[in-house]
2 protein chains.
Amino acid sequence: MIDPEGPVPLYQQLAAILRERIRDGELRVDRPIPSILSLQQEFGLARGTVMHAVEVLRQDGLVYTVRGKGTFVARR
Amino acid sequence: MIDPEGPVPLYQQLAAILRERIRDGELRVDRPIPSILSLQQEFGLARGTVMHAVEVLRQDGLVYTVRGKGTFVARR
DNA sequence: GCCCATTTGTACGTATGTATG
DNA sequence: GCATACATACGTACAAATGGG
């Protein structure tokens with residue numbers, strides 16, 4: 001999971017975990033990834049930290065976000 | 001009323017106000033408390049902040065919510 | 001059954017303040 | 001000073017349930 005003691009920033013650790021889940025097909029194209037709130041609860045992180053991780057994935061083109069609906073795995 | 005400058009979070013201040021109104025019988029059992037929108041307007045708060053306050057009361061067992069209808073004072 | 005207003009629920013975007021290293 | 005992280009707060013948008021006409 002996530003190691004709060006380690007040297008890697010938490011938002012980067014979370015981004016890496018989500019990247020894996022996408023690569024492994026656990027999160028599928030055009031299907032939503034878990035919401036900010038549920039990720040927040042699942043990993044015990046603050047909202048801003050989760051947002052930060054999702055922003056990273058968005059900049060990587062791995063996901064796209066529809067406001068008011070959710071964040072989805074991008075086709076590529 | 002509510003003190004935006006004070007150290008107490010706004011949602012906690014609002015929760016305290018509603019708790020008083022219930023305790024004082026101003027809001028009665030099985031009668032609805034004001035809607036999110038009207039509380040929002042009455043206190044000049046954002047929707048999320050009001051929702052947060054109501055969640056607190058719900059967890060305290062002071063109110064129960066029926067989606068699409070409203071939030072009501074619990075019997076106890 | 002259908003539209004519409006009201007109300008709650010969920011979700012994202014952004015901003016600010018505080019604390020830590 | 002800066003990056004990271006948390007908590008709070010505002011604003012907006014979409015979804016679901018209720019009830020009236």
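Order of the sequence lines fixes the chain letters, A, B, ..., with proteins taken first and strands second; residue numbering starts at 1 for each chain.
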Using a 3.5 Å cut-off and no angle test, enumerate the donor-acceptor pairs between side-chain atoms of residues 60-76 of chain B and protein atoms at least two apart in sequence or in another chain.
{"residue": "B:Y64", "atom": "OH", "partner": "B:D30", "partner atom": "OD1", "Å": "2.6"}
{"residue": "B:T65", "atom": "OG1", "partner": "B:R58", "partner atom": "NH1", "Å": "2.7"}
{"residue": "B:T65", "atom": "OG1", "partner": "B:T71", "partner atom": "OG1", "Å": "2.9"}
{"residue": "B:R76", "atom": "NE", "partner": "B:G61", "partner atom": "O", "Å": "3.0"}

* Does the side chain of A:S35 get closer than 4.0 angstrom to OP1 or OP2 of C:dA11 through an N or O atom? -> yes
* Asked: Which nucleotides of nucleotides 16-21 of chain C have their base under 4.0 Å from a protein heavy atom (B), which only their sugar-phosphate (S), and which neither (-), written as one string 5' to 3'?
  -> ------
Tabulate atom names and distances for all N/O pairs under 3.5 angstrom spanning the protein and nucleotides 19-21 of chain D.
{"residue": "D:dG19", "atom": "OP1", "partner": "B:K69", "partner atom": "NZ", "Å": "3.4"}

* Can A:R21 and A:E42 be counted as an ion pair, charged N to O under 4.0 angstrom? -> yes
* Structure fact -> Heavy atoms of A:P34 and A:L39 approach each other most closely as O-CD1, 3.6 Å
* For residues B:D3 and B:L10, report the shortest heavy-atom separation together with the two atoms involved. => O-CD2, 4.0 Å
* Sequence neighbours excluded, which residues qualify as salt bridge (charged side-chain N to carboxylate O under 4.0 Å, His left out) partners of B:D24? -> none
* Atom-to-atom span, CD of A:Q13 to C1' of D:dA5 - whole angstrom -> 13 Å
* Structure fact -> note: B:I36, atom CD1; D:dG11, atom C1'; distance rounded to Å ~ 15 Å
* Asked: Is any side-chain N or O of B:T71 closer than 4.0 Å to OP1 or OP2 of C:dT7?
  -> no
* Structure fact -> By nearest-heavy-atom nucleotide on DNA chain C, the more 5' of A:L37 and A:E55 is A:L37
* Take the protein atom CZ of B:R67 and the nucleotide atom P of D:dA17, then report the distance between them rounded to whole Å. => 6 Å
* To do: State, to 0.1 Å, how close B:A15 and B:L57 come at their nearest heavy-atom pair, and which atoms those are.
  => O-CD2, 3.7 Å
Are any protein N/O atoms closer than 3.5 Å to N/O atoms in nucleotides 6-8 of chain D? If there are, list each pair with its distance.
{"residue": "D:dC6", "atom": "OP2", "partner": "A:A46", "partner atom": "N", "Å": "3.1"}
{"residue": "D:dC6", "atom": "OP2", "partner": "A:T49", "partner atom": "OG1", "Å": "2.3"}
{"residue": "D:dT8", "atom": "OP1", "partner": "B:Y11", "partner atom": "OH", "Å": "3.0"}

* Asked: Nearest-Å distance, CE (B:M51) to C1' (D:dT12)?
  -> 14 Å
* Asked: Are B:V8 and B:I2 grouped together when hydrophobic residues (ILVMFWY) are joined by side-chain heavy atoms under 4.5 angstrom apart?
  -> no
* Asked: Taking atom C1' of D:dC10 as reference, at what distance in whole Å does atom CG of B:L39 sit?
  -> 16 Å
* Structure fact -> A:R31 meets the salt bridge (charged side-chain N to carboxylate O under 4.0 Å, His left out) criterion, sequence neighbours left out, with none
* Structure fact -> When every non-hydrogen atom of A:R19 is compared with those of A:V56, the smallest separation belongs to NH2-CG1, 3.7 Å
* Closest non-hydrogen atom pair between B:T49 and B:Y11, with its separation -> O-CB, 3.6 Å
* To do: Measure the spacing between CD1 of B:I33 and CZ of B:R28 and express it to the nearest 0.5 Å.
  => 15.0 Å
* Roughly how many Å is it from OH in A:Y64 to C1' in C:dG13, rounded to a whole number? -> 18 Å
